Amino acid sequence: MAPIIEVTHLSKHYGRLRAVDDVSFHVEPGEIFGFLGPNGAGKTTTIHALCTLLQPTAGAATVAGYDVATRPHDVRRSIGIIFQDSSLDERLTAYENLNFHGILYHLPRAVRRQRIDEVLQLVDLAPRRHAIVKTFSGGMKRRLEMARGLLHHPKVLFLDEPTLGLDPQSRSHMWEYLRALRAREGITMFLTTHYMDEAEDCDRIAVIDHGKIIALDTPAGLKRQYGGGDRLTLRTEDDAATAEALQQRCRVSVERSEEGLRIALTNGHAGLPEVLAACPSKIVALDLHHPSLDDVFLRLTGRGMRDTDANELDQLRSFRKKWNLRT
Ligand SMILES: Nc1ncnc2c1ncn2[C@@H]1O[C@H](COP(=O)(O)OP(=O)(O)OP(=O)(O)O)[C@@H](O)[C@H]1O
Ligand SMILES: [Mg+2]
């Protein structure tokens, strides 16, 4: 099958800043494709270029078979987008927000009614259809934005940090909707996130930093390649003797640290019994660490991307919003 998104040498420059710098990748139909990277890496800029919201400086891209430069209207008809910052009209009701969107997409009145019912059911907002959006919680607003993104039955849904600011329960609900949607409609999803558990749910992930894609693979593939392998931390009654014995008998690399001995297990779990059996001294504490996507980020970008980063970002954004500061 032909890729549903194809990006070739795409760049976007702002003066001397290369927000997106010669990026190439493709997305298969039905994939959940994640774009991950630190703040300012170029994620939103790439999404905006693919959604025809900004003109690339160089390179080309097709979405659903249409060139973003020469067929922008066809691209727009084929996609739904959930923006990083909320774009609902909070003075209108849920129904009015959706209806307005349907009018912009030239959906006939009867089709609009039916689809609005359908998407409101999908995101569990049917009972609140005539409530003013200002009275919605953050999670409800995000769900309404998702409903709006789906109203015109797009082939590709772009989600820019769709769950930012949501509590864990709403986040997990949102993912249930997304998975159900993919199973039902086969929609392709292109998303950015700062949450590691969400990245794990993607079929493939592109890691982007300073406008460049620095790795692209499945979550398991990324961990295998860049995670640094399984790591055993051991504390024994005699760490010095243990370190020497393990280096000689098991030929593993052993590093002494404050937490104890750090042992790199090249063949993961399989190497564990051998190491434990070779221990000459009583084991006091043991911890086995599998590489996480956070380890991958740390190695690739030099920065961690733990959930706390996202939480701090959430707080900063809501503070800025509250005081009407530019983000
Ligand atoms: N309109 C603009 N004019 C000038 N610079 C811009 C503009 N839009 C984005 N940039 C810059 O381009 C770079 C990439 O921004 P972008 O919004 O794509 O990052 P991001 O990966 O989405 O970050 P975040 O995780 O914070 O959302 C940043 O350095 C940003 O300051
Ligand atoms: Mg962004």
Side-chain angles (χ1 to χ4, degrees), residues 5 7 9-25 27 32-59 61 63 68 79-88 138 141-142 145-146 149 156-166 171 174 189-202 204-216 222 293-294 296-298 300-323 325-327:
I5 300 176
V7 177
H9 300 296
L10 189 77
S11 294
K12 177 69 188 176
H13 301 171
Y14 291 110
R16 287 167 62 192
L17 176 79
R18 295 172 179 219
V20 176
D21 190 7
D22 193 15
V23 154
S24 299
F25 62 93
V27 179
I32 298 184
F33 189 88
F35 228 34
L36 298 190
N39 294 142
K43 303 180 295 292
T44 299
T45 307
T46 307
I47 284 195
H48 283 185
L50 295 180
C51 294
T52 75
L53 294 171
L54 59 79
Q55 224 179 341
T57 310
V63 176
V68 295
I79 63 171
I81 175 162
I82 294 168
F83 291 98
Q84 184 163 349
D85 296 312
S86 176
S87 60
L88 295 165
K141 284 181 197 160
R142 226 47 189 139
E145 292 193 297
M146 194 184 320
V156 185
L157 189 60
F158 289 92
L159 305 114
D160 200 356
E161 298 190 33
T163 59
L164 192 73
L166 300 189
R171 284 210 289 138
M174 188 99 157
M189 296 187 201
F190 186 111
L191 67 103
T192 73
T193 176
H194 281 92
Y195 295 108
M196 283 306 112
D197 52 342
E198 292 185 355
E200 292 279 0
D201 274 323
C202 295
R204 285 189 307 145
I205 297 169
V207 182
I208 179 166
D209 196 14
H210 300 297
K212 281 192 180 296
I213 290 185
I214 49 176
L216 198 168
L222 285 177
L293 281 176
D294 203 39
V296 173
F297 280 111
L298 201 58
L300 284 172
T301 68
R303 277 162 282 187
M305 288 194 63
R306 291 195 178 82
D307 287 359
T308 47
D309 295 345
N311 290 339
E312 279 163 16
L313 194 68
D314 295 352
Q315 286 167 11
L316 185 67
R317 286 213 173 108
S318 65
F319 173 83
R320 283 174 164 165
K321 202 163 203 168
K322 189 171 165 193
W323 297 102
L325 298 174
R326 272 171 59 89
T327 49

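Just so it is clear, the structure is predicted and the values come from calculations on it, not from any experiment. Just follow the structure's listing: the first ligand is 1, and inside any ligand the first atom is 1.
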Rounded at 0.5 Å granularity, tell me how far CZ in Arg142 sits from CD in Glu161.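 With rounding to 0.5 Å, CZ (Arg142) is 8.5 Å from CD (Glu161).
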
At a 4.0 Å threshold, what atoms of ligand 1 neighbour a non-hydrogen atom of [X]?
X: Asn39; answer: 23 (O), 24 (P), 25 (O), 26 (O)
X: His194; answer: 25 (O)
X: Thr45; answer: 14 (C), 15 (O), 16 (P), 18 (O)
X: Glu161; answer: 25 (O), 27 (O)
X: Thr44; answer: 17 (O), 18 (O), 20 (P), 22 (O), 27 (O)
X: Gln84; answer: 27 (O)
X: Ala41; answer: 19 (O), 20 (P), 21 (O)
X: Gly42; answer: 14 (C), 18 (O), 19 (O), 20 (P), 21 (O)

Please confirm whether Lys12 approaches ligand 1 to less than 4.0 Å, judged on its heavy atoms.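 Contact absent.
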
Tell me whether ligand 1 is touched by Gly37 - counting only heavy atoms on the residue side and a distance under 4.0 Å. no

Please work out whether any backbone atom (N, CA, C, O) or any side-chain heavy atom from C-beta onward of Leu17 is under 4.0 Å from ligand 1, and answer side chain, backbone, both or neither.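 Just the side chain.
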
For [X] and [Y], which heavy atoms make the closest approach, and how far apart are they?
X: Gly149; Y: Leu157; answer: O-CD1, 3.9 Å
X: Pro38; Y: Ile208; answer: CD-O, 3.5 Å
X: Ile82; Y: Met146; answer: CD1-CA, 3.4 Å
X: Leu50; Y: Val63; answer: O-CG2, 3.6 Å

Only counting residues at least two apart or in another chain, list the ones meeting ring-ring contact (aromatic ring centres under 6.0 Å, His included) with Phe83.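 Per chain and number, Phe83 pairs via ring-ring contact (aromatic ring centres under 6.0 Å, His included) with no residue.
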
Please list, chain by chain and in numerical order, all residues satisfying ring-ring contact (aromatic ring centres under 6.0 Å, His included) with Phe35, sequence neighbours excluded.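 For Phe35 the ring-ring contact (aromatic ring centres under 6.0 Å, His included) partners, ignoring immediate neighbours, are Phe25, Phe190.
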
Do Lys12 side-chain atoms and Gln55 backbone N/O form a donor-acceptor pair below 3.5 Å?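 Confirmed, Lys12 side chain pairs with Gln55 backbone.
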
With Thr163, which of Arg171, Glu198, His194 fulfils side chain to side chain donor-acceptor pair (under 3.5 Å)? Glu198

Any N/O/S atom, backbone or side chain, of Thr192 lying under 2.8 Å from the Mg ion (ligand 2)?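 Checking the Mg ion (ligand 2) against Thr192, no N, O or S atom falls under 2.8 Å.
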
Any N/O/S atom, side chain or main chain, of Gln84 closer to the Mg ion (ligand 2) than 2.8 Å?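 Yes - counting backbone and side chain alike, Gln84 has an N, O or S atom under 2.8 Å.
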
What do you reckon, does Ala19 have a nitrogen or oxygen under 3.5 Å from a nitrogen or oxygen of ligand 1?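 No, there is no polar N/O contact under 3.5 Å.
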
For ligand 1, find out whether one of its N or O atoms is nearer than 3.5 Å to an N or O atom of Gly40. yes

Between the side chains of Asp160 and Thr192, is a donor N or O closer than 3.5 angstrom to an acceptor N or O?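 Side chains of Asp160 and Thr192: pair found under 3.5 Å.
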
